[in-house]
Each structure stands twice: as C-alpha cells, then as structure tokens.
**Q** 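A single structure is presented below for examination.
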Amino acid sequence: MRLYVAVVLLAAVHSKGNGDQVLRIHAESEAHIQILKDLERNVDSGLDFWTHAVSIERPVDIRVPHASLYAVKNFLKENNIPFSVMINNVQELLVREREEMVRNAETERKTKSFNFAAYHDLETIYKFMDTLANQSKLITKVKLGSTYENRPMYVLKFSTGGVKRSAIWIDAGIHAREWISHATAVWLADRIATDFKENRAPVPGILSQMDIYLMIVANPDGYVFTHNSFSVLHRFWSKSRSLTSISKCPGVDLNRNWDAVFGGPGASDDPCAENYRGPFAQSEIEVKNIADFILKHGNFKSFVTLHSYMQLLMYPYGYIDIDVPDWPELHDVATQANKALNSWCGTVYKVGSIFHTIEQASGTSVDWAYLRGIKYSFAFELRDTGEYGFLLPADQIVSTARETWFALRYILKYVCDHPYLNNKLSSV
Ligand code: BHK
Ligand code: ZN
C-alpha cells in the first residue's frame, strides 16, 4: 500500500516536468554582496537562499523556482555577477532520493534490518531509538516534552550510572531539511553503543565519568513536513510548524529563537523569512523544551549541534564580531578535532567562529549554551560544500558520519579530560 502511494506520487512529480535550479553565485565585490543581500531581503521573491551573501570568499547558493529562472539569470548578468548552475534539475534529484528511500524501506521491512546508508522518516528513526534502547542497559530514551503538533521529543541518554553526572549534549535536525544531520546522529548513536559494548576507547572511559545526551530529531514537526510530499516546498522546509501572525507563512527558525541576544542582528522579524526569529525568545515549544531540560539538568559541560552544509566546525559567537573569552582554547580544540576529521578520508573543513565563518546570527543555540556557561559549545556544518547541498546522496551518509565521529570523539575526550565548574547553569 505504502509503495503504491509512493509510486503514484512519483508519477505526479515526473509529470510536472522541469524543475527548479540551484545557482552558485560568485560575488566579486562589496557591491555584488549588497545586491545579493537586497535580493535575499525580498522574501516575496520565492528565492530560497541555501547560503548567504557575506563575503566574496564564499559562494551564494540559491534555489530558484523554475518560473523565475530566466529573470534571475538575466538580473545576474545585467549586474555582471558571475554564476554557475550547481544543480541543474532539483526535481530530478528529489525524485531519485525518494525512489531510493521507498526501495530501501521495502528492503528493511522484508529483511527486518536497519540500513545506516539510507535516509529515514521520523517513525523509523523513533523505532530505531527504541530498538537501540531495548538492546542495551547503557541507553534510555528520555522524553523532553511535545512539539507544537504534539509529537514527542526524545533524547537518547547514554549513561553508566551516577546521579546528575557531568554531561554532553548533541543535537541534530533543528533545521528540518538538513537530512544528513539526522542520518549522522543515527549512525553516531549506534557507534557509541557499539564502542561501549566492544570496549573501544575512548567511549568506555568517557562514559565512566560523563553522560551523553543525543537528540536525533530536534525539530520533529519540520522533519515530518519534509517527508510529507515530493514538492520542493516540503523537502526544503527548515523551520518549525507553528502558526505565526501571517497565516500563509507558518514556522519559526528554531536556531534564532533562543534566549541569547534574541532580536539582535542576523535574524528576521518577518514571519515569511527563512530566519524568522519568532515573536519572543523561546516562543517555540521545541526550543523551550530543550532549554528547560538543559537548565534543569544543570551539569552540561559541552553542547554540540549538527547542521548542514558547508563543512565547517564552528564555535561562538554568532551574534557579534568579537572573540569569546575562551577563544584560544575553543579554537585549539576545534582545530584538533578538525585534524582528526580530516585524517579519516581527507575531507576538508574550515574552523572559526560562527560570525566569521558563516554569518551574523543572533538567538542561536550555541550562543545560548555558551552564554549559559557551557564552555565547550560547537556547531558542525556537515557535508558537502555544494555539489548536492541539502540533497546529499545517501551513499555519503556513512562516510560523513564516520569522519564526524573522529572530530566528535576528540571533543568528547577533551571535555572529559578538562573538567570545570559552571555556576551560570545551576543558578537558574
Ligand atoms: C549554525 C549553527 C549555529 C549558528 C549558525 C549556524 C548556521 C546556520 C544558521 O542557522 O544560519 C546555517 C544553516 O544551518 C543553514 O544551512
Ligand atoms: Zn542549519
């Protein structure tokens, strides 16, 4: 039945014919940057900025709806802004991705197995979490609360015992369309479980002193929405699904909604914008649930969040152009973690503050964690650098996860070996 529905939907997509393109734009001057920034500010344009105009060193990737392709290309040519076509036919990749998912789901059902080299829907990820938790005394599934659409929010707790031990937070999927982050987190959960079971360093040592909390789907409503239909509207949904003051523009950017310089530059007050911050800090139940959990726990020493794409390993701040007080140490940890990542198969990441490597952003989770005294706060932007962007083929999941693990386990070990007191968390 499920397969049948999928085939019918695929046929509908096929019949739509030509699709959107993703253009990669190479700004060559400050003037070009300004033009692109103005273009992005115009949220009614229907353009979907996958990366943002910040400096001439970094390309700007825009998904352009089919109907606007001619006009946008002309506009760029008129302004002498060079560009290339990064993805020629988004629809085609989208359909391929879906066909693969449907085929894989069928195989998994028949063989009663779980394929780490495939993308999965929320239901399957939640089932995977149950299976993992049922297999090992190490792991428990903790419910943090519910989403706007009343789905449960779960975090996997890896613990060998103790009371309110020091802990490390890892989340993925706060932006719904960044599927590689969820898939990486799934693989990581399994890897941590396996390394513990097989007594492979450094996991048992880390877990003898600290707990690990891993949230695979931080934005369940958004994630479900990305699976609901084959249209670009769904697959490239990033925000939450709550209603806003503008009914045709639902959703808040959950990475602008934290109580950390909320409302500052690098977030929009326009509900129709991709980086809409929401009406007030923690207006989104998903953010509130996570923030409350972390504050109530009171003993987190590290906060790691997984996004995609651009291959960056970042630390605070995002909201301002100044170095954090712990800059030398955070920069060193990130640099070493990056070396470890690179050693696996040569993937090149860039290291730096959010502000300097990606863009100014206020109300983000990493800034919140750091400002709450969680010193070791990091954000990953996983693969790739723009060949596929958010449509990273499933055959890159395992290698992406594995190299991420190299970096992550360096960070975990370092945090474990460098205890410190945090009175900002416990004072709340
Ligand atoms: C990631 C983590 C912390 C702060 C900023 C970011 C960059 C992220 C965002 O919210 O703007 C960009 C991103 O994942 C979209 O691809
Ligand atoms: Zn993101």
Side-chain angles (χ1 to χ4, degrees), residues 22 24 37 40 48-54 58-63 86 169-185 215 217-219 222-223 226 235-240 251-262 264-268 273-278 284 286-287 290 303-321 324 330 334 349-372 374 376-386 388-392 400 404:
V22 180
R24 169 153 280 201
K37 275 188 173 161
E40 182 166 13
D48 177 11
F49 279 69
W50 284 11
T51 66
H52 311 277
V54 185
R58 259 168 315 118
V60 183
D61 302 339
I62 312 178
R63 181 175 60 81
M86 172 175 136
W169 175 270
I170 306 163
D171 67 72
I174 199 166
H175 287 144
R177 63 186 175 182
E178 299 167 7
W179 282 11
I180 185 58
S181 70
H182 312 80
T184 294
M215 184 168 221
V217 191
N219 177 9
Y223 193 59
T226 64
R235 177 59 182 87
F236 299 118
W237 193 262
S238 178
K239 301 192 271 186
S240 68
V252 167
D253 184 346
L254 296 180
N255 202 30
R256 297 292 182 280
N257 191 241
W258 294 71
D259 194 5
V261 199
F262 176 86
S268 176
E274 199 64 82
N275 64 345
Y276 175 47
R277 68 190 182 210
E284 301 311 285
E286 294 82 5
V287 170
I290 299 171
F303 181 101
V304 178
T305 183
L306 304 179
H307 288 250
S308 77
Y309 59 90
M310 268 326 245
Q311 295 176 196
L312 308 168
L313 177 41
M314 304 179 292
Y315 43 77
Y317 293 122
Y319 84 93
I320 198 169
D321 181 20
V324 291
L330 292 195
Y349 268 51
K350 265 200 211 148
V351 165
S353 76
I354 291 152
F355 188 103
H356 288 113
T357 50
I358 198 159
E359 59 171 335
Q360 185 165 27
S362 58
T364 70
S365 64
V366 242
D367 276 4
W368 178 84
Y370 187 82
L371 291 169
R372 283 291 177 172
I374 303 177
Y376 300 115
S377 292
F378 298 96
F380 284 80
E381 292 280 354
L382 305 177
R383 289 192 201 174
D384 55 11
T385 55
Y388 295 101
F390 299 121
L391 296 174
L392 192 72
T400 301
T404 305

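Heavy-atom basis, side chains included; hydrogens, waters and symmetry copies ignored. Count residues from 1 along the sequence. Just follow the structure's listing: the first ligand is 1, and inside any ligand the first atom is 1.
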**Q** Consider side chain to side chain donor-acceptor pair (under 3.5 Å). Of Asp48, Thr226, Asn219, which one does Arg177 pass it with?
**A**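 One option only clears the test, and that one is Asp48.
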
**Q** Among all protein heavy atoms, pick out the one at the shortest distance from atom 11 (O) of ligand 1; state its residue, atom name and that distance to 0.1 Å.
**A** Arg256 NH2, 2.7 Å

**Q** Honestly, is Arg235 close enough over Phe390, meaning NZ or CZ under 6.0 Å from the six-membered ring centre and within 45° of the axis?
**A**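 Geometry flag: not set, cation outside 6.0 Å or 45°.
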
**Q** Side chains of Tyr223 and Trp179: does their closest heavy-atom pair fall under 4.5 Å?
**A** yes

**Q** For a 4.5 angstrom cut-off between non-hydrogen side-chain atoms, does Met314 reach Val366?
**A** no

**Q** Would you mind listing which atoms of ligand 1 come within a distance below 4.0 Å of any non-hydrogen atom of Phe390?
**A** 16 (O)

**Q** Under 4.0 Å, counting heavy atoms only: does His52 come that close to any atom of ligand 1?
**A** no

**Q** When you measure from atom 13 (C) of ligand 1 to every protein heavy atom, which one gives the shortest distance, and what is it?
**A** Glu381 OE2, 3.3 Å

**Q** So, is Thr364 polar-close to ligand 1, with some N/O to N/O distance under 3.5 Å?
**A**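 In this structure, Thr364 places no N or O atom under 3.5 Å from an N or O of ligand 1.
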
**Q** Return each pair, listed once, that meets salt bridge (charged side-chain N to carboxylate O under 4.0 Å, His left out) where at least one residue sits in residues 349-365; pairs must be two or more places apart or across chains.
**A** Arg256-Glu359

**Q** Pairs of nitrogen or oxygen atoms closer than 3.5 Å, one from Glu359 and one from ligand 1: do any exist?
**A**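 Looking only at distances, the answer is yes, because the N/O contact criterion of under 3.5 Å is met.
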
**Q** Is ligand 1 under 4.0 Å from a heavy atom in the side chain of Tyr315, in the backbone, in both, or in neither?
**A**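 Neither; no heavy atom under 4.0 Å.
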
**Q** For ligand 1, which atoms have a heavy atom of Ile358 less than 4.0 angstrom away?
**A**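 Listed by number with element: 7 (C), 12 (C).
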
**Q** What residue among Asp253, Asn255, Thr305 forms side chain to side chain donor-acceptor pair (under 3.5 Å) with His175?
**A**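 Only one option passes, and that is Asp253.
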
**Q** Is a donor on one side and an acceptor on the other found under 3.5 Å between the side chain of Ser362 and the backbone of Pro265?
**A**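 Checking the backbone N and O of Pro265 against the side chain of Ser362, a donor-acceptor pair under 3.5 Å is found.
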
**Q** With no hydrogens and no angle check, is any side-chain donor or acceptor of Asn257 less than 3.5 Å from a backbone partner on Val287?
**A**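 Such a contact is absent between Asn257 side chain and Val287 backbone.
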
**Q** Hey, which of Asp61, Thr385, Thr51 is the one that makes side chain to side chain donor-acceptor pair (under 3.5 Å) with Tyr309?
**A**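 That would be Asp61; it is the only one of Asp61, Thr385, Thr51 passing the side chain to side chain donor-acceptor pair (under 3.5 Å) with Tyr309.
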
**Q** For distances below 2.8 Å, what is the count of protein N, O or S atoms around the Zn ion (ligand 2)?
**A** 4

**Q** Could you tell me whether Ser308 approaches ligand 1 through its side chain, its backbone, both or neither, with non-hydrogen atoms closer than 4.0 Å?
**A** backbone

**Q** Is it the case that ligand 1 has an N or O less than 3.5 angstrom from some N or O of Asn255?
**A**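 Yes, at least one N or O pair falls under 3.5 Å.
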
**Q** May I ask you to list the atoms of ligand 1 that are less than 4.0 angstrom from any heavy atom of Glu178?
**A** 13 (C), 14 (O), 15 (C), 16 (O)

**Q** What class does the angle between the rings of Phe303 and Trp258 fall in, given that below 30° is parallel, 30 to 60° is tilted and above 60° is perpendicular?
**A**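 If you compare the ring of Phe303 with that of Trp258, the planes turn out perpendicular.
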
**Q** Examine the side chains of Glu286 and Ser240 and answer whether a donor and an acceptor come within less than 3.5 Å of each other.
**A**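 No pair is found: no donor N or O on one side chain lies under 3.5 Å from an acceptor on the other.
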
**Q** Are any non-hydrogen side-chain atoms of Tyr317 and Thr364 less than 4.5 angstrom apart?
**A** no

**Q** Is it the case that the side chain of Gln360 and the backbone of Tyr319 share a donor-acceptor pair, with hydrogens and angles ignored and the cut-off at 3.5 Å?
**A**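 Yes: the side chain of Gln360 pairs with the backbone of Tyr319.
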
**Q** Of the backbone atoms (N, CA, C, O) and the side-chain heavy atoms from C-beta on, which set of Met310 has a member under 4.0 Å from an atom of ligand 1: side chain, backbone, both, or neither?
**A**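 For Met310, there is no contact with ligand 1 at all, from either part.
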
**Q** Under 3.5 Å, N or O to N or O, is Trp50 touching ligand 1 that way?
**A**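 Between Trp50 and ligand 1, no N or O pair is found under 3.5 Å apart.
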
**Q** Near Val366, which atoms of ligand 1 are under 4.0 Å from a heavy atom of that residue?
**A** 3 (C)

